2 protein chains.
Amino acid sequence: MKTTIKEVALKANVSIATVSLVLNKNTRISPQTRETVLKAARKLNYYPSRSARALVSKQTGNLGFVLTKDHFLRTEPFYTKIFLGTEIEANNKDYYVFLTVMNSVYNESDSLPRFVLEKNIDGIIIAGKVADAFLVKLKKYNIPIVLIDYIPKKGDYSIVIMDNIQGSISAVEYFIKLGHKNIAFIAGDISHPSISERLRGYKLALKRNKIMLNNSLILTKYSSPNRTNGYKAAEHLLSISKKISAVFCCNDAMALGLIDCLKDKKPSLLKKISIIGFDDIEEDTRVSPTLSTVKVNKIDLGVEAVKLLVNNIKGKNITNKKIIIPTELILRESTRNNGKYNLN
Amino acid sequence: MKTTIKEVALKANVSIATVSLVLNKNTRISPQTRETVLKAARKLNYYPSRSARALVSKQTGNLGFVLTKDHFLRTEPFYTKIFLGTEIEANNKDYYVFLTVMNSVYNESDSLPRFVLEKNIDGIIIAGKVADAFLVKLKKYNIPIVLIDYIPKKGDYSIVIMDNIQGSISAVEYFIKLGHKNIAFIAGDISHPSISERLRGYKLALKRNKIMLNNSLILTKYSSPNRTNGYKAAEHLLSISKKISAVFCCNDAMALGLIDCLKDKKPSLLKKISIIGFDDIEEDTRVSPTLSTVKVNKIDLGVEAVKLLVNNIKGKNITNKKIIIPTELILRESTRNNGKYNLN
DNA sequence: TCATTTGGGTTAAACGTTTAACTAATAATT
DNA sequence: AATTATTAGTTAAACGTTTAACCCAAATGA
């Protein structure tokens, strides 16, 4: 059977209120009593009942984490690592997190996640792009919301994102420093703010360094930024008769697809051109050539989201905040080349 | 504010007990009253408070789902899909699922997941191989346990697994039917029961068809069965001067690594030898050549685990059960060849 | 000296359900 | 007709916390 507060109180020779106050770090209790109570609790292996606590405090102690199916099932563990971060910080803050996965397309008539309907959470974290209709519907429930890696066109939200602009600039400027002038950009899902920001960073870096923008080197028509589409983008790059000595990819998955394609079609080129990805997905980017990339601290995104959300729940930070996690350029083998050779 | 049972009772002109009984599908209430109550509940958008319910019923309504970090962050969405399955069935059965990720190595002194310590779950599902010390410690808490895709050497557990033996036999026998005689097997993490069963199936199929076992064609020394190790295994296969016309891989990830390697080293061979994987991970296996594989219904594994677990919680099925999910051989481009050509 | 404040607790109500025990009305049995 | 059984509900206790309101003793102030 589960130990209750009553038994702890009995053992410590105090009232149950005292036990409760000690556990809630109330200063009204003297250090001595405090110690006695804590010792008794430890000895009895006591953990307060979440249900009882929730019932009276009107807080469930749960957070919701929402992911679309395509984000959750993505090959690279990007959003799953973000989830890991939320779990770590939720633990620190004594919350539990419910992960739920919704369909990637959202219809007006679709219902909201069960934990919203049943009001079984105190706040909700949404990672990646989701339908605006979903957000609008959700807002009506008056639950604190934090978005990760997505900025809706309309509406005011607490948001945690990585520094896409700065990351892209550092990548492209590194190419330029190496001597590259003909730098391509490949991307999928350009409607996602993070991706379009990376394109913006690419353009900004070129402009800042007085390099003419060449639109035929910008490939953004692909749907999902995955390995297969990276392969297709590479095929296209090979087919156009333009000078290209470096490729900046909107993420590592596409960069891997690019490398796959070159291995298939023109293996010799791999030693000659330069490639930078984005995200630093760790697995599968450490094979020949290892991939230079803009590293995103995924755990941090999750951690900061929980911090922000809990502040919102507790009533601090009534105003919505935007937190930007810095990125870092990581250099590996795929950026050994100086712009002398070209794809075509 | 949240609607309570009181307000529903008031609106339906009955006692709160009646509302509760209706919602719990008790037959003591007449169909008419039943309807009135349900209508009132619907109109008031009423959902019972989980906390209150949990408090009195001594059941949290939560299930725990445990995954090791390396399983969770794996490139192929295998265990994540299993989680999806548990979520679907938990929904049907009115449970919530807490997903938690633990370190891949477990030390005796490591603590158990928080939801176990705090007794915030009614049952627990563990997917993939975990340390036996962890299971032993867990058992002491007397929480119903269901394992997915893992059979511990000692101890009695409720288990859900896929049919590894039958799947492997069907793959290898298909090779044989095509005319292959020199069939290699590559694997990682051979200590995992599912992997060693696949090896057993491979051997069984050869024996059944009177093909001599050649141990130099069996490569199982790799740690994790991932793409990179598939690549390494392929390098090794290329280096030994043995006839090999077909390769059975312990999973799709290794098969993809094998294909990667052939693309790098001997692209022409890809059209000549045959390859079969295991799992059917869907993404990235649909590029040249598309991968033949033994399909595992991952969703089903999760669904069946929840069914089994809930039965255990509810006190049916006191005895531990083993559920075996059938597999299916899926033929794609990687098995077009008949054994005439060889790797070396 | 008496009134007031402070420190360190306790008491008891409340949170929203479930469910055993009860009741009243009707139906079935003898 | 009297007794018993059944049907369809109600009453009230219980679950394990939190917390506002209260209390008493000791310290402080005038």
Side-chain angles (χ1 to χ4, degrees), chain A residues 1-38 40-41 44-62 94-96 117-120 122 313-315, chain B residues 1-38 40-41 44-62 94-96 117-120 122 313-315:
Chain A
M1 261 298 78
K2 227 185 153 230
T3 334
T4 72
I5 198 172
K6 233 181 211 164
E7 304 167 56
V8 177
L10 202 69
K11 176 145 196 148
N13 239 321
V14 294
S15 71
I16 62 164
T18 303
V19 177
S20 175
L21 292 170
V22 166
L23 263 44
N24 290 297
K25 303 188 185 12
N26 191 303
T27 52
R28 220 188 321 164
I29 309 299
S30 74
Q32 300 96 291
T33 333
R34 192 182 158 63
E35 268 320 302
T36 329
V37 168
L38 287 177
L44 294 174
N45 194 30
Y46 170 72
Y47 291 93
S49 150
R50 292 242 143 200
S51 322
R53 179 178 277 190
L55 187 57
V56 52
S57 71
K58 304 207 170 267
Q59 298 261 321
T60 63
N62 301 326
D94 200 27
Y95 278 87
Y96 277 91
L117 298 177
E118 298 191 353
K119 299 201 175 49
N120 198 18
D122 302 332
I313 292 170
K314 298 260 166 82
Chain B
M1 262 297 77
K2 222 180 161 247
T3 335
T4 71
I5 199 172
K6 235 182 210 162
E7 304 165 57
V8 177
L10 203 68
K11 178 145 193 147
N13 241 319
V14 294
S15 72
I16 62 165
T18 303
V19 177
S20 175
L21 291 171
V22 166
L23 264 43
N24 290 297
K25 304 191 185 5
N26 190 304
T27 52
R28 221 188 318 165
I29 309 299
S30 73
Q32 300 94 292
T33 333
R34 192 182 158 64
E35 269 318 303
T36 327
V37 168
L38 287 177
L44 295 173
N45 194 29
Y46 170 72
Y47 291 93
S49 150
R50 292 240 145 201
S51 322
R53 179 178 278 190
L55 187 57
V56 52
S57 71
K58 305 212 171 261
Q59 298 262 318
T60 62
N62 302 325
D94 200 28
Y95 278 87
Y96 278 91
L117 298 178
E118 298 191 353
K119 298 201 177 48
N120 197 19
D122 303 332
I313 292 171
K314 298 259 166 83

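As the structure is a prediction and not an experimental result, all values here were calculated from the model. Below, chains carry the letters A, B, ... as their sequence lines are ordered, and counting in each starts from 1.
Take L38(B) and apply the side-chain contact (heavy atoms from CB on, under 4.5 Å) test, not counting sequence neighbours, and it matches V22(B), L23(B), R34(B), E35(B), R42(B). Remark: S20(A) pairs with N24(A) by the side-chain hydrogen bond (donor to acceptor under 3.5 Å, both in side chains) rule, at least two apart or across chains. Taking the side-chain contact (heavy atoms from CB on, under 4.5 Å) definition, one finds that L21(B) meets it with N26(B), R28(B), I29(B), sequence neighbours left out. Residues meeting the side-chain contact (heavy atoms from CB on, under 4.5 Å) test with L44(A), sequence neighbours left out: T3(A), E7(A), V8(A), K11(A). Every side-chain hydrogen bond (donor to acceptor under 3.5 Å, both in side chains) that S30(A) has, sequence neighbours left out, goes to T33(A). Evaluation of the ring pair (Phe, Tyr, Trp, His ring centres under 6.0 Å) rule for Y46(B) yields no partner, not counting sequence neighbours. Under the rule for a side-chain hydrogen bond (donor to acceptor under 3.5 Å, both in side chains), the partners of T18(A) that lie at least two apart in sequence or sit in another chain are S15(A). With sequence neighbours left out, the ring pair (Phe, Tyr, Trp, His ring centres under 6.0 Å) criterion links Y96(B) to F98(A).
Within the structure, every pair that satisfies the salt bridge (Lys or Arg N to Asp or Glu O under 4.0 Å) test and touches residues 47-57 of chain B, not counting sequence neighbours, is listed here: E118(A)-R50(B), R50(B)-D94(B), R53(B)-D94(B).
Rounded to an integer number of Å, the gap from N13(A) CG to dG8(C) P is 18 Å.
Chain A approaches DNA chain D over the interval dG16(D) to dA21(D), counting the first and last nucleotide 5' to 3' with an atom under 4.0 Å from its heavy atoms.
Along DNA chain D, the nucleotide nearest to T4(A) and the one nearest to T18(B) differ in position, and the one closer to the 5' end is contacted by T18(B). When the nearest nucleotides of DNA chain D are assigned to R34(B) and A52(B) by heavy-atom distance, the more 5′-ward of the two goes with R34(B).
S15(B) comes within contact range of at least one nucleobase, with a heavy-atom separation under 4.0 Å. Here T33(B) lies in heavy-atom contact (under 4.0 Å) with sugar-phosphate atoms only. K2(A) comes within 4.0 angstrom of nothing in the nucleic acid, heavy atoms only. Looking at heavy-atom distances under 4.0 Å, S20(B) makes contact with a base.
Helix-axis bend for the helix from dT1(C)-dA30(D) to dT30(C)-dA1(D): the local axis fitted to the five terminal pairs at one end deviates from that at the other end by 50°, rounded to 10°.
Within the 4.5 Å cutoff, the side chain of L55(A) has heavy atoms near those of the S49(B) side chain.
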Below 3.5 Å between N/O atoms, which protein atoms pair up with nucleotides 20-28 of chain C? Just atom names and distances, please.
{"residue": "dA21(C)", "atom": "N6", "partner": "R28(B)", "partner atom": "NH1", "Å": "3.2"}

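A donor-acceptor contact shorter than 3.5 Å links the side chain of N62(A) to the backbone of N120(A).
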